[in-house]
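Worksheet: one structure, shown below.
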Amino acid sequence: KRKEWAAALPKSTERFVFVDLTEQQRLVYTSILEETTELIEQAAQKDPKLRAMMDSEDESMEDALEAKLRPYLARLERFLSNPEIDPLSEKLLTDPIDKVSPKALKVYDIIRDHEQGVLGKDSKGDKVFTEDGGPVPGKILIFTQYTASAEHVFENAPPDIRSRMIHYTADQKEECRVAFETDPTKTVMIGVSSSMDTGLNFQHVSRLIRLETVWTPGVLEQGNSQIG
């Protein structure tokens, strides 16, 4: 039954989207990267196992190394999702546009494309539209890893997009679910994936956006299976 149901679903398309940083954002990102690299090197000096994993060419050790380095790399990921949250930003990011996540700006572009019927791009980089020229059917679900990321994307959204968004919070789980399912004016919902990955069914969703990298394949597939 499960295989039959899965086979009946439309073919999914996965793509990674690159973002552009402003000059000042890139300066901060580079500084964070340098600090992170130094911390990793210091940790490797104290931990022979970590040093061995970093020096090894054994591909079977990649997952274990990723798990070891993840806490250090999280600061970089958090900065890209919410530049204001990093201590360096207060000193170096003075222009308001520098304080808006480049990922958030890209999300807003994707939402507009979805509403304008853009399915993706062809091999030449040209936009591909729906056959009838109308909006892409279905709603948009945005998963984040951090509460601050969801708040940042929601609060910085242009008024027209924000009016169609729901900021999902665990304490208003049922209200958010009902509004997203039944209110045709609410076409986008954003929230932390750990509180949305289970117990919710989003078969009316046709596009899932993940703001940050998901390192655990099981968690990735669990979230993907919730949408139609």
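The first residue in the sequence is number 1, and the count goes up from there.
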Exercise. Are the side chains of R15 and K121 in touch, meaning some heavy atoms are under 4.5 Å apart?
Worked result: no
Problem set entry | Close side-chain approach of I161 and V188, heavy atoms under 4.5 Å | no
For this session: Report yes or no: do V205 and I140 belong to one cluster of Ile/Leu/Val/Met/Phe/Trp/Tyr joined by side chain heavy-atom distances under 4.5 Å?
Result: no
For this session: State, to 0.1 Å, how close D47 and K68 come at their nearest heavy-atom pair, and which atoms those are.
Result: OD2-NZ, 3.2 Å
For this session: Measure the CD1-NZ distance between I111 and K139 for me, rounded to the nearest 0.5 Å.
Result: 13.0 Å
For this session: Find out if a path of hydrophobic residues (ILVMFWY) with successive side-chain heavy-atom gaps under 4.5 Å connects V153 to Y146.
Result: no
For this session: Let me see the working for L119 and T130 under side-chain contact (heavy atoms from CB on, under 4.5 Å), right down to the final yes or no.
Result: CA-CA 6 Å; L119 295 171; T130 55; 3.8 Å; yes
Problem set entry | Within 6.0 Å of CD in E175, more than 12 heavy atoms from elsewhere | yes
For this session: Starting at CG of N156, measure out to CG of N82 and round the result to the nearest 0.5 Å.
Result: 8.0 Å
Exercise. Do R112 and P158 come within less than 4.5 Å of each other through their side chains, counting heavy atoms only?
Worked result: yes
Problem set entry | Non-hydrogen atoms of L105 and I97 that approach each other most closely | CD1-CD1, 4.4 Å
Problem set entry | Closest heavy-atom pair and its distance - S206, P137 | OG-O, 2.5 Å
Exercise. Quick one: does T22's side chain have a donor or acceptor within less than 3.5 Å of a partner on D98's backbone?
Worked result: no
Problem set entry | Shortest non-hydrogen contact from E77 toward K103 | CG-NZ, 4.5 Å
For this session: Measure the spacing between CD1 of I190 and SG of C176 and express it to the nearest 0.5 Å.
Result: 12.0 Å
For this session: Answer yes or no: is there a side-chain heavy-atom contact under 4.5 Å between V136 and V118?
Result: no
Exercise. What distance do Y108 atom OH and D160 atom CG have between them, rounded to the nearest 0.5 Å?
Worked result: 11.0 Å
Exercise. F180 vs F202 aromatic rings, parallel, tilted or perpendicular, using cut-offs 30° and 60°?
Worked result: perpendicular
Exercise. Hey, are E41 and R51 close enough for a salt bridge, meaning a charged N less than 4.0 Å from a carboxylate O?
Worked result: yes
Exercise. Can we say E174 and R177 salt-bridge, meaning some charged N sits less than 4.0 Å from an Asp/Glu carboxylate O?
Worked result: yes
Exercise. Is I209 linked to M189 within one hydrophobic cluster, defined over Ile, Leu, Val, Met, Phe, Trp and Tyr using a side-chain heavy-atom separation of less than 4.5 Å?
Worked result: no
Exercise. With hydrophobic residues grouped by side-chain heavy-atom distances under 4.5 Å, do L73 and V28 end up in a single group?
Worked result: yes
Exercise. Got a sec: does the CD of Q42 have more than 12 other heavy atoms crowding it under 6.0 Å?
Worked result: yes
For this session: Mind running side-chain contact (heavy atoms from CB on, under 4.5 Å) on S193 and Q145 for me, showing each step along the way?
Result: CA-CA 6 Å; S193 58; Q145 295 284 81; 3.1 Å; yes
Exercise. Do the side chains of I85 and L93 join up, straight or via other hydrophobic residues, at under 4.5 Å, putting them in one cluster?
Worked result: no
Problem set entry | Spacing of CZ belonging to F143 relative to OG belonging to S194, to within rounding of 0.5 Å | 10.0 Å
Seminar exercise, completed: CG of L80 to CD of E212, rounded to nearest 0.5 Å, is 9.0 Å
Exercise. Taking it one step at a time, do I40 and M54 satisfy side-chain contact (heavy atoms from CB on, under 4.5 Å)?
Worked result: CA-CA 10 Å; I40 292 174; M54 291 173 61; 3.8 Å; yes
For this session: Check whether any side-chain heavy atom of L65 sits under 4.5 Å from a side-chain heavy atom of L50, and report yes or no.
Result: yes
Exercise. Can you check whether E59 reaches E62 side chain to side chain, under 4.5 Å on heavy atoms?
Worked result: yes
For this session: Using modelled atom types only, decide if a donor and an acceptor are shared between the side chain of K186 and the backbone of S163 within a distance under 3.5 Å.
Result: yes
Problem set entry | Within-4.5 Å side-chain heavy-atom neighbours: V192 and M196 | no
Exercise. Quick one: does Q25's side chain have a donor or acceptor within less than 3.5 Å of a partner on V100's backbone?
Worked result: yes
For this session: Locate the shortest heavy-atom distance separating S81 from H152; write the atom from each residue and the value.
Result: O-CD2, 3.5 Å
Exercise. Shortest non-hydrogen contact from S195 to Y168?
Worked result: O-OH, 3.3 Å
Exercise. Between D86 and R75, is there a salt bridge with N-O shorter than 4.0 Å?
Worked result: yes
For this session: Check whether more than 12 heavy atoms from other residues, nucleotides or ligands sit under 6.0 Å from atom CD of Q45, and answer yes or no.
Result: yes
